[in-house]
Amino acid sequence: MLYTVSLKDSKVFSRLYKKGRFVADSSVVAYYMQNKLPVNRLGITAGKKLGNAVTRNRAKRILREAYRLNEMNYPIGYDIVLVAREGIKYKKTNELFGYFNRLAKEMNKAK
RNA sequence: CGAGUAAGCUAUACGGCAGCGGACGCCGAUUGAUUUCGGCGGAUGAGGAAAGUCCGAGCAUCGCAGAGCAGGGUAGCUGCUAACGGCAGCCGAGGGCGACCUUAGGGAAAGUGCAACAGAAAUAUACCGCCGCGCAAGCGGUAAGGAUGGAAAGGCGAGGUAAGAGCUCACCGGGGUGCAGGAGACUGCACUGCCAUGUAAACCCUACCCGAUGCAACACCGUUUGGUUCAGUAAAUUAUUAACGUCGGCUCGGCGGAUUUGCUGUUAAAGGUGGCUUGAUCUGUGCGGCGACGCACAGGCUAGAUAGAUUGCCGUACACGACAAAACUCGGCUUAUCGGCUUAGUCGCAUU
RNA sequence: GGCCCGUUGGUCAAGCGGCUAAGACACCGCCCUUUCACGGCGGAAACAUGAGUUCGAUUCUCGUACGGGUCA
């Protein structure tokens, strides 16, 4: 990905859950917040409730791919956490584009 | 043609564009250094169960001063194997017309415990009954019959008897002894004679096996901080067949005197690197063995991540794609699973 | 990734291989009260699942499913 690195620090995750803005859908919730860095940081979560390893890995792959294909639309300098929900099990990447466009609009407005 | 049995193989396929993981090569920058960063390229990248973690091993660390007890496991025999609770062949038992399948399958005359309810009685004490004696009450004999039960004095038939009883005999079943066969489990034959329920996935006994902990092991590098662990040394206090610590849980026994404070070195600690994939390896051929498996030769290198890599879009084909994702590595077991294919036996029906 | 436990009415829970499987709260019906509560009487309701051992299994053994704990 062009200007995005992965987000690994659990402190940042909890800060986002507490203080970040969010946009929700039946299949995914996104939390975002400015980070004052020249890149975006992306974290993806798929909890145990979702299913077994196969299901969770697939959810993560689909979210990562959908983000990658829409990367140009987002403002730079944000931490983003995508949380997978039940609905994602039966979705394909291009079915999520509507949601990701809404997210991009919200983020640009907030800026 | 139908039904059924056993063994094995396979796990959507092909193509285009974009993307991800770890190597490799080339180019550019950088560094003491293939050090670090970027770009490009063509290869390569999850399973038969990767799962459950039920066994067994490798590897690593700890302990090595031992002995006994305790604890855990296995249980027909002979083999295979690095090892196993696995596998193969065979034996016994059970099931199926058969191909074939199942089998925790040592010991109950070493000891202890338990066997509810029912039943007269549960391992032996006669309720009804039967027979003998007696007027009767009752006494004696008797396990054939009744009734209870999972189990009631080996079963059944004949002889025998007052009535009965392995009391005697034939057959079946079981125990013991002898002989023969086999590597052995065991099998066959002969003689003898019914010595006495079940439960050992109840305690237990017998034989054999087992050190503990696990890659979050462990080794190395190491910042802020900190002064924990270990070693050496100095001082103080206390003590000397003792107490305390340690040697897996206990006992004996062994070893070290112990505690506090100071100093010196070492170590722990965010994080990083190694461990991490060439191996009891895979493929093919030949040979040995009924088989599990072994040996020889030739060839191959086939994921190594660390928030954790296989995706998205599209085209074509059909049977329209199940269960499911490596995390130190192997050998098994168990469980989940859409289907498809191959081979070898069996039974039934029909035809020649 | 490794290791260790548990599963019994709606909930919390006892249970020596032999029961009709305790008990409490909750629920239902009746009584008490002017009524509600308290109290009294009665009732319905369960051994996670599949095999095995045993005459007999909630209990013993093995497999499976689910839930929980623990090690950085």
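Computed from a prediction, not measured in an experiment: that's the story for all the values here. Letters go in sequence order (proteins before strands), and every chain restarts at 1.
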### Task
Can you tell me the pairing partner of B:A18 across any strand shown, Watson-Crick or G-U wobble, with both distances under 3.5 angstrom?
B:U311
### Task
Using the P atom on both, measure B:G56 against B:G345 and round to a whole Å.
42 Å
### Message
Tell me whether the count of non-hydrogen atoms from other residues, nucleotides or ligands lying under 6.0 Å of CZ in A:Arg102 goes above 12.
### Response
yes
### Message
Measuring only the C1' atom in each nucleotide, how far is C:U49 from B:G111? A whole number of Å is fine.
### Response
41 Å
### Query
Distance from A:Tyr67 atom OH to A:Ile80 atom CD1, nearest 0.5 Å?
4.0 Å
### Message
Does the structure show a Watson-Crick or G-U wobble partner for B:G226, both distances under 3.5 Å? Name it, or say none.
### Response
none
### Counterpart base for B:U264, defined by Watson-Crick or G-U wobble contacts under 3.5 Å
B:A231
### Query
Taking O4'-C1'-N9-C4 for purines and O4'-C1'-N1-C2 for pyrimidines, is B:U266 syn (within 90° of 0) or anti?
anti
### Query
When syn is taken as a glycosidic angle within 90 degrees of 0, is B:A46 syn or anti?
syn
Shorter than 3.5 Å, N or O on both sides, protein versus nucleotides 311-313 of chain B: list them out with atom names.
{"residue": "B:G312", "atom": "OP1", "partner": "A:Arg58", "partner atom": "NH1", "Å": "2.9"}
{"residue": "B:G312", "atom": "OP1", "partner": "A:Arg58", "partner atom": "NH2", "Å": "3.0"}
{"residue": "B:C313", "atom": "OP1", "partner": "A:Asn94", "partner atom": "OD1", "Å": "3.1"}
{"residue": "B:C313", "atom": "OP1", "partner": "A:Asn94", "partner atom": "ND2", "Å": "3.3"}

### Any strand: nucleotide that pairs with B:U31 via Watson-Crick or wobble, under 3.5 Å
none
### Nearest-angstrom distance, P atom, B:U102 to B:G68
44 Å
### Message
Roughly how many Å apart are B:C194 and B:U168, using the C1' atom of each and rounding to a whole number?
### Response
14 Å
### Summary
Across every strand shown, the nucleotide meeting Watson-Crick or G-U wobble geometry with B:C26 (both distances under 3.5 Å) is B:G39
### Summary
Glycosidic torsion of B:G345 (syn if within 90° of 0, anti otherwise) classifies it as syn
### Task
Could you give the distance separating B:A344 and B:G95 at their C1' atoms, to the nearest angstrom?
24 Å
#### Entry: Where the chi angle of C:G23 falls, syn if within 90° of 0 and anti if not
anti
### Query
Is there a Watson-Crick or G-U wobble partner for C:C62 with both distances under 3.5 Å, and if so, which one is it?
C:G50
### Query
Does any non-hydrogen side-chain atom of A:Phe100 lie less than 4.5 Å from one of A:Leu82?
yes
### Query
Is the glycosidic torsion of B:U302 within 90° of 0, making it syn, or is it anti?
syn
### Distance, rounded to the nearest Å, where A:Arg64 contributes CZ and B:A307 contributes P
12 Å
### Message
Taking pairing as Watson-Crick or G-U wobble with both contacts under 3.5 Å, can you name the mate of B:A296, or confirm there isn't one?
### Response
B:U285
### Message
Taking B:G249 as the reference, what is the distance to B:C64 when you measure between their P atoms (whole Å, please)?
### Response
14 Å
### Watson-Crick or G-U wobble mate for B:G4, both contacts under 3.5 Å
none
### Task
Could you work out the separation of B:C24 and B:A83 based on their C1' atoms and round it to a whole Å?
40 Å
### Query
Going from CZ on A:Arg68 to CZ on A:Arg61, what distance comes out if it is rounded to the nearest 0.5 angstrom?
14.0 Å
### Task
Send over the distance from A:Lys60 NZ to B:U310 P, rounded to a whole Å.
11 Å
### Query
What integer number of Å spans the P atoms of B:C218 and B:A269?
10 Å
### Message
Which label fits A:Phe22 and A:Tyr31: parallel for a plane angle under 30°, tilted from 30 to 60°, or perpendicular past 60°?
### Response
tilted
### Query
Which residues pass the ring pair (Phe, Tyr, Trp, His ring centres under 6.0 Å) test with A:Tyr99, sequence neighbours left out?
none
### Query
Do A:Leu103 and A:Tyr32 have side-chain heavy atoms sitting under 4.5 Å apart?
yes
